[in-house]
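I am attaching a structure below and will ask some questions about it afterwards.
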Amino acid sequence: MTTMTETSARFREFKMPDVGEGLTEAEILKWYVQPGDTVTDGQVVCEVETAKAAVELPIPFDGVVHELRFPEGTTVDVGQVIIAIDVAPGSGDAPAPAADPVQEPVEEPAAEAEPKGRTPVLVGYGVAESSTKRRPRKGAPAAPEAAAVAAAVQAELNGHAAPAPAAAPAPSVPAQGGAAGGRPLAKPPVRKLAKDLGIDLATVVPTGKDGVITREDVHAAAAPAASEAPAQAAPAPVAAEAPVATEPTAVPDSARETRVPVKGVRKAIAQAMVGSAFTAPHVTEFVTVDVTRTMKLVAELKEDKDMAGVRVNPLLVIAKALLVAIKRNPEVNAAWDEANQEIVRKHYVNLGIAAATPRGLIVPNIKDAHDKTLPQLAEALGELVTTARDGKTSPAAMAGGTVTITNVGVFGVDTGTPILNPGESAILAVGAIKLQPWVHKGKVKPRQVTTLALSFDHRLVDGELGSKVLADVAAILEQPKRLITWA
């Protein structure tokens, strides 16, 4: 879909693109520019959240921001113009901004129209059958005023005064770390670091090429700030790996309750889980297994030079065990095609790993996990988890999963009955590994024990097949040498 239009030789418009392979809307989380700011080709101008992930949008041309069509927090349909750029500033009078930023735009050509009744395009997070609309807002201010109001509200939430409305750029000496008339130059990871450390990039002296602020510059700016801070009570601990964006802004109704809008990833999760629960006939089986030998293997792998530089934990061995079980029972790796009334057997395994984030549960997957060695699988798992916690998981990383693992044991939970991701045939829940009394070689001894739960789609996986898969995973975790003899 075209994401920009040319209103004249001077002004160009940038549309909300389809950043998620078939999504119909996205919420504007944050504007990084304001009217009057200078932008360059490839510069990130805003962050949006789709039903799949948060994505930063770069502008595809140079110029000066003329108008922001929607304030932060607005859900915008794909194809709507979100920003207008003056690509030839100073060449004449600018047209007046749009009077009502929430009015419906001129209808797009038929070739660009979004079809209704889209089918899910991403396992677990696809587009719902019901069409989605941008929620109407009453009494919305004009775009520049709305942007100023949004900035003031955000500033109030952040505990500081609202910035003054941006004026048209004038020739001046560039601010520290920024281009003339624009915001400081820095890559998105550096901006996140600065935000986490509470550093205003405008105050940072850049040392990178062409005036770009580096991570070292941010750390250097943070050091004196930390040393000059007055002594105070230690703050409550904050998760170091929390992503930039957080929950949607809660709307307080009273002192007794708070209402949080359901949108973005959480809305997609709800739709997908309801669809899965009431479409696929779920069956869940459980097994409790002695994993003492697996825990010993994990300890040995941590000391193995071939595993140096990668994270080794029980989940790694469990993932490998599931892959071996699928190899021994390939019929479980399948999908139900309702339209064609067919069972689609997959000859590859894209292994999904459920990851909890502030936006909700996401399930990125390791592509072709069945072909990876143990060190390669460990590296892929580490990258997947880190990216998810940083809120940078791409839509492509969440598409095409075939089987999933959800590790509820990290929360101290013994087990659960997980719901299938739509389009997948099975999901394995791993419970907490605890030291428990266990009969071992005829005597009661303390052993490391866990409970596994396998949910599967009974349309294509019968009880025998599901039992074989779960029993194979348990047998491998009890005797890890089977990773070699059964592989």
Side-chain angles (χ1 to χ4, degrees), residues 240-241 287-329 348-356 363-390 397 401-415 427-436 438 440-441 445-454 469-487:
E241 296 179 324
V287 63
T288 302
V289 58
D290 176 4
V291 295
T292 304
R293 291 186 179 90
T294 288
M295 298 304 290
K296 290 181 179 178
L297 174 61
V298 170
E300 292 172 359
L301 289 175
K302 288 181 178 179
E303 303 299 325
D304 194 308
K305 64 178 182 180
D306 291 332
M307 303 297 289
V310 296
R311 185 177 181 182
V312 177
N313 54 25
L315 179 61
L316 171 62
V317 181
I318 293 168
K320 192 64 176 179
L322 179 57
L323 293 171
V324 172
I326 293 173
K327 182 179 180 180
R328 286 167 53 85
N329 305 276
Y348 59 91
V349 182
N350 289 345
L351 182 61
I353 304 295
V363 189
N365 60 77
I366 300 171
K367 309 300 183 186
D368 295 323
H370 63 290
D371 281 338
K372 296 188 182 298
T373 64
L374 197 63
Q376 291 172 339
L377 187 62
E379 182 177 4
L381 274 171
E383 292 177 355
L384 179 148
V385 172
T386 299
T387 302
R389 288 177 176 174
D390 288 342
T402 61
V403 176
T404 291
I405 295 176
T406 178
N407 185 8
V408 298
V410 296
F411 305 108
V413 175
D414 290 335
T415 190
I427 178 170
L428 178 69
V430 182
I433 298 174
K434 299 178 179 179
L435 194 64
Q436 298 183 20
W438 193 263
H440 178 69
K441 295 182 179 180
K445 297 182 178 181
R447 305 285 286 180
Q448 298 284 350
V449 177
T450 191
T451 300
L452 307 175
L454 183 72
V469 172
L470 185 58
D472 280 356
V473 174
I476 293 170
L477 296 181
E478 186 174 13
Q479 294 283 354
K481 65 182 181 181
R482 292 189 173 110
L483 286 173
I484 299 173
T485 59
W486 287 2

Quick one: which of Val317, Leu323, Val324 gives a side chain to side chain contact (heavy atoms under 4.5 Å, CB included) with Ile476? Val324

Closest contact, heavy atoms only, Arg293 versus Gln479: NH1-NE2, 3.3 Å

Heavy-atom pair of closest approach, residues Ala388 and Ala355: CB-CB, 3.9 Å

Answer yes or no: is there a donor N or O on one side and an acceptor on the other, between the side chain of Asn365 and the main chain of Leu351, under 3.5 Å? no

For a side chain to side chain contact (heavy atoms under 4.5 Å, CB included) with Arg389, tell me which candidate from Val385, Thr386, Thr387 qualifies. Val385

Audit row: Glu478, Val291, side chain to side chain contact (heavy atoms under 4.5 Å, CB included) steps and yes/no: CA-CA 5 Å; Glu478 186 174 13; Val291 295; over 6 Å; no

For Val430 and Leu452, run side chain to side chain contact (heavy atoms under 4.5 Å, CB included): C-alpha distance rounded to whole Å, both residues' side-chain angles, the deciding distance at 0.1 Å, then the answer. CA-CA 5 Å; Val430 182; Leu452 307 175; 4.2 Å; yes

For the NZ atom of Lys445 and the OG1 atom of Thr292, what is their distance to the nearest 0.5 Å? 10.5 Å

Give a yes or no on whether a salt bridge exists between Arg482 and Asp472, defined as a side-chain N under 4.0 angstrom from a carboxylate O. no

Between Asp371 and Gln376, the two heavy atoms sitting closest are O-OE1, 4.1 Å

Euclidean distance, Thr450 OG1 relative to Met295 CE, rounded to 0.5 Å: 9.5 Å

Between Val410 and Leu315, is any pair of side-chain heavy atoms under 4.5 Å apart? no

From CA spacing to verdict: side chain to side chain contact (heavy atoms under 4.5 Å, CB included), Asp368, Val349: CA-CA 5 Å; Asp368 295 323; Val349 182; over 6 Å; no

What closest approach, in Å, do Asp290 and His440 show between heavy atoms, and which atom pair accounts for it? OD2-ND1, 4.3 Å

Going from CD on Glu383 to CD1 on Ile366, what distance comes out if it is rounded to the nearest 0.5 angstrom? 9.5 Å

Specify the closest pair of heavy atoms between Arg447 and Trp438, including all atoms of both residues, with the distance to one decimal. CG-CB, 3.5 Å

Nearest-0.5 Å distance that lies between atom CD1 in Ile405 and atom CG in Leu428: 5.5 Å

Between atom CG of Leu316 and atom CG of Leu374, what is the distance when rounded to the nearest 0.5 Å? 4.5 Å

Value for OG1 (Thr451) from CD (Gln436), rounded to nearest 0.5 Å, stands at 7.0 Å

Val473 and Ala325 have their tightest heavy-atom pair at CG2-CB, 3.7 Å

Can you find a heavy atom in the side chain of Leu377 that is under 4.5 Å from one in the side chain of Lys320? yes

